[in-house]
Amino acid sequence: MLFKFAIICDEAEDFFREITIDSDKTFLDLNKAILDACNYDDSQITSFCTCSDQWETEQQIVREDMGTSSEDEDIYIMADTKLSDMLEEEEQKLVYTFDPINDRVFYIELTDIVTGKSLDKAQCTQSRGEAPKQLQGFDLDFSNLSKKNDRDIDLDFDNYGTEGYNDDEYDPSSYSIDDNY
């Protein structure tokens with residue numbers, strides 16, 4: 001049996017991917033197919049959540065157990081959880097977190113179930129638009145740091161902010177302490 005998933009993102013209106021994958025594959029296989037379809041690297045701790053019809057998250061499927069859940073909560077690991085274990089009917093919804101630091105997600109819907117067929121490897125069967133950038137906010141450029149002369153870098157933090165300080169300029173009456181604390 002094959003599952004066809006439609007993938008969209010609210011950050012990029014023209015972005016759309018359709019992944020076709022065998023229902024006996026794992027969430028880790030679907031994770032890899034999404035990363036490949038978007039040209040993302042596999043460096044982030046991604047996760048899936050099953051959702052209600054109103055996109056309210058229900059059950060999380062994680063990349064690996066980080067030991068943060070309670071004993072009452074079931075933990076589903078991508079590599080150990082088959083798609084068919086969590087998904088049974090068309091129009092089921094998932095949220096896929098691809099940038100966990102900034103909580104950025106793809107919205108996924110199971111659009112079609114094809115019985116009587118199988119597939120060895122997941123395929124991106126439709127691709128439109130550019131995928132959003134994988135990570136946001138980490139465009140720091142340290143390339144010039146090694147080119148600086150050691151004299152240009154001030155690492156003496158003990159004296160930070162003391163330049164120009166004069167003891168006779170200190171006026172303790174200008175500071176008040178609120179007794180309500």
Side-chain angles (χ1 to χ4, degrees), residues 1-69 73-88 90-114 117-146:
M1 181 165 43
L2 299 179
F3 285 164
K4 287 188 179 187
F5 293 100
I7 304 169
I8 60 170
C9 183
D10 59 1
E11 293 179 30
E13 289 182 26
D14 62 336
F15 170 78
F16 177 82
R17 298 292 185 272
E18 181 183 75
I19 304 288
T20 302
I21 188 169
D22 197 282
S23 63
D24 285 334
K25 295 293 183 184
T26 66
F27 276 88
L28 189 60
D29 295 320
L30 180 58
N31 177 71
K32 181 177 177 0
I34 293 169
L35 295 175
D36 290 347
C38 297
N39 294 318
Y40 289 168
D41 65 43
D42 194 13
S43 64
Q44 299 304 304
I45 301 174
T46 55
S47 66
F48 290 94
C49 282
T50 58
C51 297
S52 70
D53 289 338
Q54 292 76 36
W55 295 99
E56 295 162 340
T57 60
E58 294 172 342
Q59 187 61 54
Q60 188 174 30
I61 302 104
V62 295
R63 186 76 180 261
E64 54 190 67
D65 183 3
M66 304 293 260
T68 58
S69 63
E73 189 178 9
D74 290 333
I75 298 174
Y76 294 96
I77 309 296
M78 284 186 203
D80 301 331
T81 309
K82 290 183 180 182
L83 297 169
S84 59
D85 292 343
M86 304 292 283
L87 305 169
E88 299 171 349
E90 291 179 7
E91 299 182 9
Q92 281 188 276
K93 294 171 176 42
L94 299 167
V95 171
Y96 174 74
T97 303
F98 65 91
D99 179 1
I101 294 172
N102 296 299
D103 200 25
R104 296 170 58 227
V105 299
F106 288 146
Y107 297 95
I108 303 174
E109 185 172 325
L110 177 56
T111 57
D112 196 12
I113 298 174
V114 181
K117 294 192 176 188
S118 64
L119 196 59
D120 288 335
K121 185 178 178 188
Q123 297 177 351
C124 180
T125 49
Q126 287 189 45
S127 177
R128 290 193 304 267
E130 286 283 320
K133 192 174 176 181
Q134 186 175 11
L135 299 175
Q136 283 186 343
F138 292 98
D139 293 336
L140 302 175
D141 181 13
F142 295 107
S143 60
N144 291 330
L145 189 59
S146 62

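Side chains are part of it too, since the values below use all heavy atoms of this structure and drop only hydrogens, waters and symmetry mates. Residues: numbered from 1 along the sequence shown. This structure is a prediction, so every number in the text was calculated from the model and none was measured.
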Non-hydrogen atoms of [X] and [Y] that approach each other most closely:
{"X": "P100", "Y": "Q44", "answer": "CD-OE1, 3.9 Å"}
{"X": "T26", "Y": "A79", "answer": "CG2-O, 3.4 Å"}
{"X": "M86", "Y": "F27", "answer": "CG-CE1, 3.7 Å"}
{"X": "D22", "Y": "K117", "answer": "OD2-O, 4.3 Å"}
{"X": "A6", "Y": "F16", "answer": "CB-CE1, 3.7 Å"}
{"X": "K93", "Y": "E109", "answer": "NZ-OE1, 3.6 Å"}

Test item: [X] and [Y] side chains (from C-beta on) under 4.5 Å apart, heavy atoms:
{"X": "C38", "Y": "F98", "answer": "no"}
{"X": "P132", "Y": "Y40", "answer": "yes"}
{"X": "N31", "Y": "F48", "answer": "yes"}
{"X": "L87", "Y": "L94", "answer": "yes"}
{"X": "D99", "Y": "Q134", "answer": "no"}
{"X": "T46", "Y": "I34", "answer": "no"}
{"X": "Y96", "Y": "I7", "answer": "no"}
{"X": "F5", "Y": "T111", "answer": "no"}

(request) Would you sort out whether R63 and L28 count as a side-chain contact (heavy atoms from CB on, under 4.5 Å), showing the intermediate values? (result) CA-CA 7 Å; R63 186 76 180 261; L28 189 60; 3.5 Å; yes
(message) If we ignore hydrogens and angles and just use 3.5 Å, is the side chain of R104 paired with the main-chain N or O of K133 as donor and acceptor?
(response) yes
(message) So does M1 get a backbone contact from the side chain of S23, meaning a donor-acceptor N/O pair under 3.5 Å?
(response) yes
Measure the spacing between [atom1] of [X] and [atom2] of [Y] and express it to the nearest 0.5 Å.
{"X": "I21", "Y": "L119", "atom1": "CD1", "atom2": "CG", "value": "8.0 Å"}
{"X": "E91", "Y": "D53", "atom1": "CD", "atom2": "CG", "value": "7.5 Å"}
{"X": "Q59", "Y": "T50", "atom1": "CD", "atom2": "OG1", "value": "6.0 Å"}
{"X": "E88", "Y": "I113", "atom1": "CD", "atom2": "CD1", "value": "9.0 Å"}
{"X": "L2", "Y": "D24", "atom1": "CG", "atom2": "CG", "value": "10.0 Å"}
{"X": "L83", "Y": "D29", "atom1": "CG", "atom2": "CG", "value": "7.5 Å"}

(message) Quick check: F15 with F106 (ring centres under 6.0 Å apart)?
(response) yes
(message) So for atom CD1, which belongs to I77, do other residues, nucleotides or ligands contribute more than 12 heavy atoms lying within a distance under 6.0 Å?
(response) yes
(message) Does D120 have more than 12 heavy atoms from other residues, nucleotides or ligands lying within 6.0 Å of its CG?
(response) no
(message) Any salt bridge linking R17 with D36? Criterion: basic side-chain nitrogen under 4.0 Å from a carboxylate oxygen.
(response) no
(request) Would you check if there is a donor-acceptor pair between the side chains of T125 and E18 at a distance under 3.5 Å? (result) yes
